[in-house]
Amino acid sequence: MSRRPSCCSYLPPLYVIRFPVKILLASPRGFCAGVNMAIECLDIALQRLGSPVYVYHEIVHNTYVVESFRDKGAVFVDALEDVPEGSNLLFSAHGVSPEIRQFARERKLYAIDATCPLVTKVHLEAVRFAREGYTILLIGHDGHDEVIGTMGEAPENMILVENENDVDNLEIDESAKLAYLTQTTLSVDDANRIISRIRERFPHVHNPPKEDICYATQNRQEAIRVLAPEADLILVVGSDNSSNSQRLRELGEECGRPAYLIDGVEQLDLEWLHDVETVVISAGASAPEAIVQQCISFLEQNFDATIEVRVIRNEEVHFQLPKELRNSPDDTASAVS
Ligand code: SF4
């Protein structure tokens, strides 16, 4: 027999008993160094250059962040043909292919590059492996902005593999020089399974010099893995198109817990809290802390909530701004003109 009434009883009137809920707030969660840097870039670009500043693709994959910048004068485009010649342009955190950079130059766009350095690292590895004659297996998700950009570094040499089946179906000369790289925001477990399959089929395959799945993705996944055993429910704040947020939700489910991805507090369904004593809250690397706090306030309004911050790992990573934005406002204007 449930100790609680059905969820609609949590709504007003106020005399309804508020049941206890323990919130375990995962740390680290939310913005990573690459997202912080990209957001700061766009903020400064709008301040110094005025609107519009065009952004190729979403600056980061988060609805709230994108809408906030739209209100400030950023214009998000998926094709450079939509950017008037001579305009100010920002490349998003996910990176772009050399073809897009070249096209921007041809259109005389004043481009600022907000690509996360950890994405750039994967691009450089692709370039090096391709130059040395390797066929490169890129483990990633088809259609993701980062994958499109990385594949564009060496399209003739790269093959996308999304799962173990793709590895089984590869038709590559067993003796060919072969290397693999990965998207930065994959599930660590999924990537390891795919890499193992690649190694089984191609024992001579070369790995990247340093792991490609970034520190932020790994740390947020580790926090979910550690906290899940204590949870009756896992809430991940993040947008549907955010790869690392989706992986956190999936990981929660793989740990045997109900797990939901919510873009905003309005998506938080009290029905999920029925019979829940402990809820873990985390957030993807592109999800703002403001949304996390709104979710906590909502739970506090409806439950007798206690909050414990659980620090699984400390993060002290910062990336410097691109050179066009590092110096004074005047330097920015001259660097892009
Ligand atoms: Fe960079 Fe990782 Fe953040 Fe992506 S998730 S922007 S690769 S630090």
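Note that ligands are numbered from 1 as they come in the structure, with each ligand's atoms numbered from 1 the same way.
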Main-chain N/O of Arg326 paired to Gln320 side chain as donor or acceptor, under 3.5 Å: no
Ile234-Val292 co-clustered via ILVMFWY side chain contacts under 4.5 Å: no
Backbone of Leu251 reached by a side-chain donor or acceptor of Gln221 within 3.5 Å: no
Pairing residues for Arg310 by the salt bridge (charged side-chain N to carboxylate O under 4.0 Å, His left out) criterion, not counting sequence neighbours: Glu230, Glu308
Main-chain N/O of Ala176 paired to His204 side chain as donor or acceptor, under 3.5 Å: yes
Atoms of the protein (N/O/S only) found under 2.8 Å from atom 2 (Fe) of ligand 1: Cys214 SG
Salt-bridge contact Arg313-Glu222 (side-chain N to carboxylate O under 4.0 Å): yes
